[in-house]
Amino acid sequence: MQQINVKKLSVSYYGKQVISNVSFSFESGKLIGIIGPNGAGKSTMMKAMLGLIPRDSGEVMIEDQPLQTIQKKIAYVPQRSNIDWDFPIIVKDTVLLGTFPKLGLFRRPKKHDRNWAMECLKKVGMEKYAKNQIGELSGGQQQRVFLARALAQKAEYFFLDEPFVGIDVASEEVIIRILKDLRNEGKTVFVVHHDLSKVKSYFDDLVLINKEIISSGPVEYVFKPKLMQKAYNYSLNMMESVGGEV
Amino acid sequence: MEFIQDMMNYEFLQKALITSIVVGIICGVIGSFIVLRGMALMGDAVSHAVLPGVAISYMLGINYFYGAVLTGILSAIGIGIISQNSRVKNDSSIGIVFSAAFAFGIILITLAQSATDLTQILFGNVLSVRSSDMWLTIIVGVVVLLSVLLFYKEFLVSSFDETMAAAYGLKVRMIHYAIMVLLTLVTVASLQTVGVILVISMLITPAATAYLLTNRMSVMIFMAAFFGALSAIIGLYFSFTYNLPSGPVIALATTAMFLVAFLFSPKQGVLLRTLRINKRKDIFTDPV
Ligand SMILES: Nc1ncnc2c1ncn2[C@@H]1O[C@H](COP(=O)(O)OP(=O)(O)O)[C@@H](O)[C@H]1O
Ligand SMILES: [Mg+2]
């Protein structure tokens, strides 16, 4: 069954369309990569799917419902550049933010919420840093903390924007292992990604986008030189990495 | 300590003291959110935009509070509309709206021919606080503190990561406007104490000082409230003893605290950091 349906999604900034007529559908319980060159509209598409920016047209249905009605089942990890790293917040309190959606208005996080946040922090191997201010961490550690926060949300659908950019190898391994675990538990994970070398080992399905959908479906079907060339406009070094693996 | 003696004896001084302490506390609390959300300029804008409201209230013979809150909120909405519906960036639309409102206010006040009131509104005169002003300030104080207490979670998450908050369904636009309304209330309540021009020092500087000293938002808010109240008391003291306008004294008191934190804060202090770097240099150069 196709539980995630995106239909004819278009988005403009100040009258200039940056993604047009994006449609695709996937089963839930998959690890799905959103790939395409810089400026292709990957982040824009993710934000539009989540209702964070206005759309020109299109709809996003998850489990046959418009996305807005199941917002509490969604965890989103924005691109790291949007965060103020000097903010006075320590690591364990950052993860605790993940318990807020289910608490709703007026209810304070209780002891068991704090314990749960610590558990999530342990899953990403960051419990030693619980009391550090978030700006004191390396890029990879910060990304792990934000993944822990997403885990704390107990979501069904995870959306991560460029989680592997500028992070160390160890952190990347921790993160991809956890994402695969989530997928194995039946959760659906969307990941914006632009490094082509690991696409085949990371993802089940792909959305290949460059302003429009170039292709979408299982990795074996999408990750082919011809389609990749079309998306990346014949950029040569990109092709070597694809050619080497396909 | 003649000042304390006088405090016991004069009722106007007691009112001034209570009012300034409340103002210091709420400025510190709301100021913390203004600093963390990068809205310092917005604070400046709202404080200037209350001026036409004050003038209109004066002309109509009603309490300045109502007019000031109205024009303050209108300008916050105006700024939001301009920056969301055009390419004009937020800081530019703030500049447009607040200079216009301030100019309009000056003209209205000139027309109403109340030059003495103008200097009081611009620079504050904490010693002229009436009972009604004090009660208004206390009510605003209760409203502000209750709102922050009730919505602490929402204020925290939307200040830190607005995108994540919006993604889980939090009405971040509404929170933004709620904070603007609280900011306007606080600004208006501070008019008597610090005046339009220098409210910003009371909002920003104690919060920025606290920001240098802690890694937790809750602690920052308490510290900012403390620094705000302390500087308000200092302002009252100098205003009473040396017959100085309270606003500028308060502004300088907040600045003095900031400088101390800026130089000596254990984590961010410029002085300690320089010393530490020099020490490290010594280690490197020693063997040579
Ligand atoms: N807030 C914005 N305002 C105007 N243009 C934007 C904005 N965000 C992105 N764009 C433009 O939209 C296009 C797609 O951007 P984005 O979705 O960030 O691409 P990607 O994530 O694939 O690198 C780019 O040309 C970018 O310059
Ligand atoms: Mg992007």
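Below, all heavy atoms of this structure are taken into account, side chains as well, without hydrogens, waters or symmetry copies. Chain letters run A, B, ... following the sequence lines, proteins first, then strands; residues in each count from 1. From a predicted model like this one, the values you see are computed outputs, not experimental measurements.
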Can you name the closest pair of heavy atoms from [X] and [Y] and give their distance?
X      : Y      : result
B:L36  : A:D84  : O-OD2, 4.5 Å
B:M220 : A:P88  : SD-CG, 3.7 Å
A:P78  : B:M164 : CG-N, 4.4 Å
A:D93  : B:R216 : OD2-NH2, 3.1 Å
A:Q71  : B:A166 : NE2-O, 3.8 Å
A:R108 : B:L149 : NH2-O, 2.7 Å

For residues [X] and [Y], determine if any side-chain heavy atom of one lies less than 4.5 Å from a side-chain heavy atom of the other.
X      : Y      : result
B:M217 : A:F87  : yes
B:T163 : A:Y76  : yes
A:I89  : B:N215 : no
B:D161 : A:I83  : yes

Close aromatic pair by centroid cut-off 6.0 Å: B:F151 and A:F106: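 Judged by ring-centre distance (under 6.0 Å), B:F151 and A:F106 do meet the cut-off.
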Quick check on [X] against chain B: is it the side chain, the backbone, both or neither that has a heavy atom closer than 4.5 Å?
X      : answer
A:P101 : both
A:F159 : neither
A:L97  : both
A:L105 : both

Flag yes if more than 12 heavy atoms outside [X] fall under 6.0 Å of its [atom1] atom; otherwise flag no.
X      : atom1 : value
A:K72  : NZ    : no
B:Y152 : OH    : yes
B:W135 : CH2   : no
A:K102 : NZ    : yes
B:F226 : CZ    : no

Residue, of A:L96, A:I90, A:L103, that accumulates the most heavy atom pairs under 4.5 Å with chain B: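 Ranked by heavy-atom pairs under 4.5 Å with chain B, first place is A:I90.
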B:L156 CG to A:F100 CZ distance, which is reported to the nearest 0.5 Å: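 B:L156 atom CG to A:F100 atom CZ measures 5.5 Å (nearest 0.5 Å).
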Proximal component of B:S159, with respect to chain A [non-hydrogen, under 4.5 Å]: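 Both parts, heavy atoms under 4.5 Å.
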